[in-house]
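For reference, the structure discussed in these notes is given below.
Worth saying up front: this structure is predicted, and the values here are computed from it rather than measured. Residue numbers start from 1 in every chain, and the chains themselves are labelled A, B, ... in the order their sequence lines are given, proteins ahead of strands.
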There are 2 protein chains.
Amino acid sequence: MTAHGADVQDGDGQAEADSRIESKQSVEVPAARERARAIPEAAVARLAVYLRALSGLADQDVTTVSSDELAAAAGVNSAKLRKDLSYIGSYGTRGVGYEVSVLIGQIERTLGLTRKHSVAVVGIGNLGHALANYGGFPSRGFPVSALFDLDPDLVGVPVGGIPVSHIDDIVEVCTDREVTIGVIATPAQGAQEVCDRLVAGGVTCILNFAPVVLQVPEDVEVRKVDLAVEMQILSFHVARRQQEAAAQSDVDGADLGPPGTGEQVPGEVESANRMVERL
Amino acid sequence: MTAHGADVQDGDGQAEADSRIESKQSVEVPAARERARAIPEAAVARLAVYLRALSGLADQDVTTVSSDELAAAAGVNSAKLRKDLSYIGSYGTRGVGYEVSVLIGQIERTLGLTRKHSVAVVGIGNLGHALANYGGFPSRGFPVSALFDLDPDLVGVPVGGIPVSHIDDIVEVCTDREVTIGVIATPAQGAQEVCDRLVAGGVTCILNFAPVVLQVPEDVEVRKVDLAVEMQILSFHVARRQQEAAAQSDVDGADLGPPGTGEQVPGEVESANRMVERL
DNA sequence: AAATGTGAATGTATTCACAGCT
DNA sequence: AGCTGTGAATACATTCACATTT
């Protein structure tokens with residue numbers, strides 16, 4: 001990630017909790033429609049990006065697209081794009097390209113977007129509000145169906161149309177509303193406890209904004225978005241660039257003013273870094 | 001990715017915009033203190049995670065830690081941790097472990113956290129508010145020194161102590177306040193324009209929450225955090241798990257009720273997915 | 001005895017480059 | 001002629017396993 005990734009993550013990227021799946025041991029399964037496992041994690045992340053690019057094209061009534069065009073729109077190179085698409089099947093036409101609508105359908109199928117995934121957001125602070133009001137969630141496929149906080153003043157208050165429940169009711173409410181994805185937007189302290197309750201409530205996928213490493217059973221998928229980490233990665237790149245610039249001016253001319261780019265005043269030094277606050 | 005990346009970005013992860021750095025061509029540089037380049041992107045992301053774990057230990061007045069302990073706290077295995085740390089130097093003591101304060105100092109140095117990085121947030125919607133109020137930013141090293149929006153009703157209003165400026169003034173204000181990191185929290189449409197202005201204002205690192213692939217000069221580092229992508233990756237894992245469960249129950253007994261875990265009501269199908277709204 | 005630091009081995013991801021289809 | 005789909009080649013990342021140091 002870079003991109004990470006910031007992912008985020010993780011990406012590097014972002015996805016740290018790399019749940020290595022056991023199974024596969026005995027029966028060597030009939031492999032009926034068993035291609036899902038074959039898709040590399042990194043490719044899955046990009047499929048989502050391609051999907052967005054394709055939706056944009058569909059909106060402009062583009063019906064056909066080549067790997068070069070789509071790759072440009074998604075910000076990757078075309079070989080990678082073609083390989084990624086090859087993991088989900090062969091839906092292109094040689095000499096022509098891909099039909100936009102077909103590709104959209106196939107990626108949606110692969111990503112499991114042909115069913116709804118109820119989302120619960122825990123921690124209705126600044127970020128929780130932002131998430132609860134996020135138009136992109138419910139617009140297609142990810143209806144926010146529960147909100148939780150521990151503040152009694154918040155409980156019962158509707159945010160983005162959904163009344164906030166108390167975190168003591170996580171298990172019950174999540175089971176009830178068949179929540180599959182939990183979003184943790186609490187401060188660090190509460191996060192593990194919240195996570196445990198979500199899992200107890202049947203949630204198998206968690207998006208974690210809290211700056212903690214969550215402990216979960218191996219059948220639960222966690223993705224982490226960590227602002228502090230993202231900022232620090234960027235900081236590293238600033239520092240690297242400065243070193244480069246310095247090294248470079250060492251090499252050529254040692255004394256002459258530096259040419260245009262890269263100038264940066266050092267600024268005062270300060271130690272210790274703890275970005276463990278709440279969002 | 002988680003990270004992530006990534007991944008983050010990519011993230012995995014998060015880190016998509018993987019700017020491959022040229023240079024290295026001619027002089028075979030004296031390599032004075034040129035170890036910065038050697039650190040793999042994935043390791044950089046984890047250093048930030050170790051740093052947080054170490055800060056936690058320091059708060060508990062732990063002075064020494066072994067790779068096993070620190071690895072557990074950071075959620076990675078100890079071999080990986082040791083290799084990551086080896087990229088920044090040898091600061092451990094065989095038979096003993098690492099001194100917490102030394103490691104914190106060295107990681108901070110490596111990540112460039114010994115100087116301040118002024119941050120500008122563009123787009124003061126729900127997310128922008130959350131970011132502007134984020135205690136973790138200014139607490140150490142990342143002072144938010146500028147906010148921007150295009151809404152005239154917002155301009156001049158202080159958010160988290162900083163008055164909002166108009167996006168027309170990005171170049172001027174960023175140059176003036178020596179902003180090094182720009183955070184884009186605008187809707188998709190405005191993002192590229194905003195990005196261009198940030199770059200013109202001397203910003204070399206960008207954290208992008210808008211669902212677009214930004215075009216930037218190669219000396220600008222972009223990390224992307226994409227909610228929609230994260231959700232869709234989780235959706236993929238839900239789908240995969242279901243397939244697994246289905247395949248598994250095919251294998252053993254075909255007709256018997258499934259054992260405890262993994263039950264999930266299919267829910268109705270719906271097509272098309274476009275999560276391009278604003279946060 | 002305990003734990004680091006690191007070459008070598010393995011595993012994963014990206015890129016190349018071209019055969020094969022339309 | 002153009003563009004996909006994919007093996008083979010390369011690059012990158014993780015893990016192993018052990019010599020080395022305290």
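Here the C1' atom of nucleotide C/dA2 and the CD atom of B/Glu69 are 12 Å apart, to the nearest Å. Between the CG atom of A/Leu85 and the C1' atom of D/dC3 there is a distance of 13 Å, given to the nearest Å. When the C1' atom of D/dA13 is taken as reference, atom CG of B/Leu81 falls 15 Å away, rounded to whole Å. Look at CG on A/Asp84: it is 12 Å from P on D/dG5, rounded to the nearest Å.
Listed by residue number, the members of residues 61-68 of chain B with any heavy atom below 4.0 angstrom from DNA chain C are B/Ser66, B/Ser67.
Note on B/Tyr87: every side-chain N or O is 4.0 Å or more away from OP1 and OP2 of D/dC12. The shortest distance between the side-chain N/O atoms of A/Tyr98 and the OP1/OP2 oxygens of D/dG5 is below 4.0 Å. At D/dT6, none of the side-chain N or O atoms of A/Lys83 fall inside 4.0 Å of OP1 or OP2 (strictly under the cut-off). For C/dA1, neither phosphate oxygen OP1 nor OP2 lies less than 4.0 angstrom from any side-chain nitrogen or oxygen of B/Arg94. Between A/Asn77 and C/dT15, a side-chain N or O to OP1/OP2 separation shorter than 4.0 Å is present.
Within the 4.5 Å cutoff, the side chain of B/Ile104 has heavy atoms near those of the B/Leu51 side chain. Between B/Arg46 and B/Lys80, the closest side-chain pair of non-hydrogen atoms falls below 4.5 Å. Two residues are said to be in side-chain contact when any heavy atoms from C-beta on lie closer than 4.5 Å; A/Tyr91 and A/Glu99 fail this criterion. For the pair A/Leu131/A/Val119, no side-chain contact is recorded, criterion being any heavy-atom separation below 4.5 Å from C-beta on. Put simply, the side chain of A/Leu214 does not reach to within 4.5 Å of the side chain of A/Val220, judged on heavy atoms.
A distance of 6.0 Å separates CG in A/Leu103 from CD1 in A/Ile88, rounded to the nearest 0.5 Å.
Comparing C/dT14, C/dA13, D/dT22 against the side chain of A/Lys80 picks out C/dT14 as the nearest.
You won't find any donor-acceptor pair under 3.5 Å spanning the side chain of B/Arg82 and the base of C/dT4, going by distance alone.
Listed for the B/Ser235 side chain is a donor-acceptor partner under 3.5 Å among the backbone atoms of A/Gly112.
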